[in-house]
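All values below were derived from every heavy atom in this structure, side-chain atoms included, with hydrogens, water molecules and symmetry-related copies excluded. Keep in mind that what you see is a predicted model, and the values were worked out from it rather than measured. Every number for a ligand or one of its atoms is a count from 1 in the order of the listing.
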Amino acid sequence: MTVTAYGAHAGDQPLGPLAITRRAPGAHDVAIDIAFCGVCHSDLHQVRGEWAGTVYPCVPGHEIVGRVSAVGAHVRNYAVGDLVGVGCMVDSCRACPDCEAGLENYCDGMVGTYNSPTPDAPGHTLGGYSERIVVNERYVLRVRHDAAQLAAVAPLLCAGITTWSPLRHWQAGPGKRVGIVGIGGLGHMGIKLARALGAHVVAFTTSASKRQDAEALGAHEVVVSRDADAMAAQARRLDLIVNTVAAPHDLDAYLSLLKRDGTMVLVGAPSSPHPSPQVFNLIMKRRALAGSMIGGIPETQEMLDFCAEHGIVADIEMIRADQINEAYERMLAGQVKYRFVIDSATLRA
Ligand code: NAP
Ligand code: ZN
Ligand code: ZN
């Protein structure tokens, strides 16, 4: 069927309305009427061609929530009317060690929700800035939050899982001091989740104006990273740092804040490299520098259920689809508190 989407035909073009087709649901597919879609900084990187390999037309969006509108004959876990989510992937090989471990996000055959090869027209996947999507049920998540919270649940599908996965993998919890660098879409979720997991949370921001917000989000301490004395006061105090910054910067400033055996996990994915950190900053305290990409399907469901149980959602600003280009500029300027979410009803307007 033909549906309305928002996307771009080239990296230097603004996003605008497009007509796209969605396949009829196959036996294992779930068709979803999209209610809301979060706006991730990755959407901007991808649609503007800041990462290699963007194919056009590009329809971004991988923080999708909505209701099931149809299911295939063999779908067991979902029924028409269910509240569901779709995150950053819609398929994978299902047979490799990563898929068997429930870490489909690391499968070499992972199919991203947008910009990945697919037999469907036009030959690459098209994301959630659209009215409807059809996804194999293995990659669909159940939403257990109240329906009234649905818009604010959308960002959990990327910003939530991308911070949850490293927090869990590196065992953030009681007795651990966890730094969250960059208070944007990912970072504000990182603060909420690390706090709810019981860690002592230190937020790092370049924006002094975000201090009170960071405290309200759950940070025990807030450090304005331009303040050299405040940074020095954190030296060798943190067990784990989750760094969400979307631009190249000096990693040593943060590595030096780790205790012995501490780890800094990079989740921010800037379009050009960070300056190399000093080797001595790693070897002196046996520190580790790591990366992490979104999360697997089982851990995404675990995170959604944890958030439903603890009443955790994102802090959002709702926009109309035709405000997306302006929203990107505001995201670049750090003027979003803390995630834009597209009201999909405005696509039909
Ligand atoms: P965002 O909302 O724009 O937040 C990024 C934050 O980084 C800003 O709010 C800002 O926080 C801080 N920052 C500091 N200096 C900056 C600079 N020069 N330019 C931009 N930001 C700067 O972005 P997001 O959606 O959270 O995404 C963050 C990054 O993670 C992006 O690169 C995105 O592509 C990537 N990402 C990775 C994964 C993964 O799987 N690893 C998943 C999703 C997104 P302060 O004002 O507090 O300093
Ligand atoms: Zn994302
Ligand atoms: Zn696989």
Side-chain angles (χ1 to χ4, degrees), residues 37-48 50-51 60-64 87-89 91-115 127-128 138 154-166 180-191 203-211 213-214 217 219 222-226 242-250 253-254 265-272 274 290-297 300 314-317 327-340:
C37 185
V39 178
C40 178
H41 206 116
S42 300
D43 299 349
L44 183 157
H45 290 306
Q46 188 83 66
V47 77
R48 293 193 174 174
E50 293 178 358
W51 295 337
H62 56 205
E63 294 184 336
I64 298 167
C88 303
M89 61 189 150
D91 208 348
S92 64
C93 87
R94 306 179 204 178
C96 72
D98 297 322
C99 287
E100 280 177 6
L103 292 169
E104 305 87 346
N105 47 318
Y106 297 116
C107 171
D108 290 338
M110 192 264 261
V111 178
T113 303
Y114 55 81
N115 208 61
R138 192 186 186 290
L156 302 182
L157 275 305
C158 176
I161 184 58
T162 301
T163 48
W164 173 264
S165 184
I180 303 289
V181 183
I183 309 174
L186 267 54
H188 97 287
M189 286 311 309
I191 294 172
F204 294 88
T205 179
T206 57
S207 315
S209 61
K210 293 183 185 172
R211 177 181 291 280
D213 286 1
L217 290 164
V222 183
V223 175
V224 176
S225 52
R226 300 181 202 281
V242 178
N243 185 332
T244 77
V245 174
H249 62 279
D250 172 21
Y254 296 103
V265 186
L266 303 181
V267 294
S271 50
S272 50
H274 297 294
S292 183
M293 190 176 80
I294 47 173
I297 294 295
T300 305
D315 289 14
I316 62 161
E317 179 179 336
Y328 280 177
E329 293 309 315
R330 285 184 50 202
M331 182 162 63
L332 281 173
Q335 292 169 357
V336 48
K337 294 193 168 182
Y338 277 88
R339 198 58 139 185
F340 290 116

His249 vs Tyr254 aromatic rings, parallel, tilted or perpendicular, using cut-offs 30° and 60°?
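Plane angle over 60°, so perpendicular.
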Only protein N/O/S atoms count here: give how many lie under 2.8 Å from the Zn ion (ligand 2).
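Under the 2.8 Å cut-off, the count stands at 3.
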Can you tell which of Ser92, Cys99, Ser292 makes a side-chain contact (heavy atoms from CB on, under 4.5 Å) with Tyr106?
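Of Ser92, Cys99, Ser292, side-chain contact (heavy atoms from CB on, under 4.5 Å) with Tyr106 is met by Ser292 alone.
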Testing Leu266, Asn243, Asp250 for side-chain contact (heavy atoms from CB on, under 4.5 Å) with His274, which one passes?
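Going through Leu266, Asn243, Asp250 one by one, the side-chain contact (heavy atoms from CB on, under 4.5 Å) with His274 is satisfied by Leu266 alone.
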Take Asp43 and Tyr328 through the side chain to side chain donor-acceptor pair (under 3.5 Å) test and state the conclusion after the steps.
CA-CA 9 Å; Asp43 299 349; Tyr328 280 177; 4.7 Å; no
Metal-centred angle, SG of Cys96 through the Zn ion (ligand 3) to SG of Cys99, rounded to 10 degrees
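Centred on the Zn ion (ligand 3), the SG/SG angle is 110° (to 10°).
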How many degrees, to 10°, between Cys107 SG and Cys93 SG as seen from the Zn ion (ligand 3)?
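Cys107 SG and Cys93 SG form an angle of 110° at the Zn ion (ligand 3).
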Report yes if the side chains of Ile297 and Met89 come closer than 4.5 Å at any heavy-atom pair, otherwise no.
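Ile297 reaches Met89 side chain to side chain.
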Counting only heavy atoms not in Arg94 (residues, nucleotides, ligands), do more than 12 fall under 6.0 Å from its CZ?
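Check passes, neighbour count above 12.
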Donor-acceptor pair, side chain of Ser225 and main chain of Thr205, under 3.5 angstrom
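Looks like yes, one N/O pair under 3.5 Å.
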Please confirm whether the backbone N or O of Val111 pairs with a side-chain atom of Asp91, one donor and one acceptor, at under 3.5 Å?
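Side chain of Asp91 to backbone of Val111, a donor-acceptor pair under 3.5 Å: no, none is there.
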Applying a heavy-atom distance cut-off of 4.0 Å, which protein residues contact ligand 1?
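Correct list: Cys40, His41, Ser42, His45, Trp51, Cys158, Thr162, Gly182, Ile183, Gly184, Gly185, Leu186, Thr205, Thr206, Ser207, Lys210, Thr244, Val245, Ala246, Ala247, Val267, Gly268, Ala269, Ser292, Met293, Ile294, Met331, Arg339.
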